[in-house]
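In what follows, a structure is listed as C-alpha cells, so that the remarks can point back to it.
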Amino acid sequence: MSEFQYDVLVIGAGCAGMRAAIEAHDTGARTAMLSKLHPTRSHSGAAEGGINAALGNTGEDSPETHAFDTVKGSDYLGDQDAIEIFTKEAPGDIYQLEHWGAIFSRNEEGKLAQRPFGAAGSPRTVFSADITGHVLIHVLYEQVMKRMETGTLKVYEEFFAWRLVESDGRCQGVIAWDLLNGGLRLVTAKTVILATGGMGRLYRTTTNAYACTGDGPALALKIGVPLKDMEFMQFHPTTLFPTGILLTEGCRGEGAYLINKDGERFMKRYAPNAMELASRDVVSRSEQTEIDEGRGVNGSIFLDMRHLGAEKIIERLPGSRELSMTFAGLDPIYDPVPVRPGAHYHMGGVETDNWGATELEGLYASGETACVSVHGANRLGGNSLMETITFGRRSGKAAAEWALSHTAMTLTESPLRDAERELEALLEIDEGERPWQIRDELGTSMLENFGVFRREDQMLDQLEIIDELRERYARGVVVEDKGDVFNTDLTQAIELGYMLDVAACMLQAGVSRKESRGAHARPHDYPDRDDENFLKHSITRWNHDGDAPVLDYKPVRMTRWEPQERKY
C-alpha cells in the first residue's frame with residue numbers, strides 16, 4: 001500500500017504519547033508516532049506543579065495512602081482497581097524518569113523533594129521547580145530521538161489525524177492531513193493508541209493550549225467507541241486574570257494564600273482544615289462563590305505569595321513569578337496576583353480498561369484523552385502527569401504485545417479515496433460562516449452555562465445552543481485557504497467539528513446527572529451527592545442515524561473503600 005505501515009501507531013506526542021511510543025518500541029514493535037504539533041510543543045509541557053508518587057521522602061507515605069486520597073478526591077467515582085495499579089507503579093516510573101535524565105528538585109538530604117498538593121494525605125508531589133511538564137517532555141523526547149536512530153521508531157510531525165480506519169472489526173490505522181506537504185495520508189498499523197490530550201478549548205477561558213480540541217474522543221466516537229464520564233470538566237482555581245494562563249497549585253503547596261478584596265483568607269469558611277489545599281473542585285467553587293457574592297475584583301480573587309519571601313519564590317516558583325510579571329504586570333514578591341477558576345482538565349474521555357484497551361480491537365487510549373478511570377469526578381493535582389507516564393507505558397506495552405502476536409493488516413486504500421472526496425467537498429464551499437464565529441460562540445456559551453456551577457435551565461439552554469451551532473456547522477463552513485501547505489484554516493474547521501460533537505456529549509451527561517459530585521456541582525437543585533442513584537459512570541455512544549449522543553451507565557469498580565462524606 002505505502003511506506004506508512006507499522007505494528008503500533010501512536011496519535012499524539014505529549015507525555016502519554018511519547019511514553020507509549022517508547023514502550024511499544026522497547027517491546028519490539030515497529031512503532032510510529034503522529035502529531036499535529038512538534039512533540040515538544042505538546043500541551044504536557046505546560047504542566048507546572050509536579051507529579052505524584054508515594055516515595056515518602058518528605059513525610060510518611062505509601063501507595064495505599066496515595067490510592068485512598070485519589071479515591072476520596074475522585075468523590076468515589078474513580079475505579080479503585082485502576083487507582084491501586086496507578087499508585088503502586090508510580091514510584092518505579094518516577095525513578096525511571098530520573099534515570100533517563102529528569103532533573104527533579106531535591107531536598108537537603110539529596111533525595112527527590114516532594115511538596116504538598118491539594119487533598120493529599122502526605123507531601124508526595126515530585127517537582128522540577130514549577131516547570132515539571134517542560135522538563136518531562138524534553139526528557140521523553142530525548143528518549144524518542146535515541147530510538148529514532150534505530151529506524152524502528154518513526155515520528156510524523158505536523159500530521160493532523162482526521163479519521164480512524166476500521167476493517168475486519170479492528171482499528172487498523174488513521175487518515176491524516178500532511179500539514180507540511182499537503183494531502184491526505186493513510187497510515188496503517190496493527191494497533192492504534194489515542195493520546196491526543198484534552199479539550200479545554202471548548203471554553204473561552206482555559207489553561208489549555210489552542211491544540212486541545214478533543215480530537216481523540218471525537219475520533220473514537222465516530223468509529224463507534226464509547227466515551228466515559230464526559231460531564232466532568234475540572235476548573236483550576238488559579239488561572240491568571242485576564243489571560244487564563246495557569247499558575248500552578250505548587251504556589252499553594254509552598255504556602256501561598258487565597259484572599260478576597262478585603263484581604264481575608266476566605267477558605268477558612270469553606271475548608272477550615274485544608275484551607276487552600278482542599279481539592280480543586282472545592283477551592284474553585286469557593287472562589288466562584290466569593291466572586292458571585294461581590295467579594296472579588298473584576299471577576300477574580302487574589303493569590304498572595306508575599307509572605308513566602310523573595311528567596312523561596314525565586315527558587316521554587318520562578319515560572320509563576322515570570323508569568324505574573326509578563327501577563328499581569330505584577331511581581332508576586334511584592335503584590336497579590338489576580339486569579340480566577342478556569343477550565344483546566346477533563347476527567348472523562350475514551351473508555352479503556354487498565355491496559356488502555358478500548359472495546360474496539362486494536363484501539364487503545366492513554367493520558368487525558370482516555371478515561372481509565374483514576375480521576376473519577378475530580379482529579380487531584382499531580383496525578384495527571386503521573387497518569388500520562390504510568391498508563392502511557394502500560395498502553396504502549398499492551399498494544400505492542402497484541403500487534404506482535406497477530407497477523408498483518410488487511411486494509412485497502414478505499415477509505416483514503418472516500419476521505420479525499422469528502423475533503424474536496426469541504427474545500428469547495430465558498431459561501432457560509434467562518435469557523436471562528438461558531439467557535440467563539442461555543443466557548444463563550446460553555447463558560448456561561450456549563451462552568452464551575454451547573455443549573456438545569458442553563459444546561460438545557462446550552463444543549464439548544466450546541467444543537468444550533470452543529471446545524472450551522474453542518475450547513476457548511478467556509479475554509480478560505482484552499483491551498484495544500486500549512487492549511488491551518490482547514491484543520492481548525494475540522495477541530496471545530498470535533499469540539500461540537502464532544503460538547504454535545506458533555507451536556508447530555510451533565511443534564512442527566514442529577515446530583516453534585518466532584519467537578520459537577522448543582523447547588524441550586526441537587527446540592528448533595530447521590531450514591532444511591534448516581535454512583536456510576538456515564539457512558540456515551542454516538543447514534544450515527546440520529547447524529548446525536550446516546551447515554552447509558554456502568555457501575556464503578558470498587559475494591560477496598562466504600563463512599564464516605566468528604567470533609568475539609
Using a 6.0 Å distance limit plus a 45 degree cone around the ring axis, check whether Lys72 lies over the aromatic ring of Tyr76. no

State which residue, out of Phe453, Tyr345, Tyr203, fulfils the ring-ring contact (aromatic ring centres under 6.0 Å, His included) condition with Phe235. Tyr203

Kindly state whether the ring of His375 and the ring of Phe232 have centres lying under 6.0 angstrom apart. no

Could you tell me which non-hydrogen atom of Arg394 sits nearest to which non-hydrogen atom of Asn354, and how far apart they are? NE-O, 2.9 Å

Looking only at side-chain N and O atoms, does Tyr270 offer a donor or acceptor that is under 3.5 Å from a partner on Glu290? yes

Could you work out, with ring pair (Phe, Tyr, Trp, His ring centres under 6.0 Å) as the rule, every residue matching Phe117, not counting sequence neighbours? none

Donor on one side chain, acceptor on other, Asn378 and Gln234, under 3.5 Å: yes

Please determine, by modelled atom types, if His520 and Asp281 share a side-chain donor-acceptor pair under 3.5 angstrom. no

Is Arg517 salt-bridged to Asp531, going by a charged N under 4.0 Å from an acidic O? yes

Against the six-membered ring of Phe104, is Arg106 placed for a cation-pi contact (under 6.0 Å from the centre, within 45° of the normal)? no

List the residues meeting side-chain hydrogen bond (donor to acceptor under 3.5 Å, both in side chains) with Glu315, not counting sequence neighbours, and say none if there are none. none

Do Met305 and Lys312 have side chains that approach each other closer than 4.5 Å (heavy atoms only, starting at C-beta)? no

When every non-hydrogen atom of Leu308 is compared with those of Glu254, the smallest separation belongs to CD2-O, 3.2 Å

Between Thr58 and Gln114, do the side chains contain a donor N or O and an acceptor N or O under 3.5 Å apart? no

Tell me whether Arg513 forms a cation-pi arrangement with Phe534, defined as NZ or CZ under 6.0 Å from the six-membered ring centre and within 45 degrees of its axis. no

Using the benzene-type ring in the case of Trp, are the ring centres of Tyr141 and His38 under 6.0 Å apart? yes

Using side-chain heavy atoms (C-beta onward) and a distance below 4.5 Å, is Pro332 in contact with Leu303? no

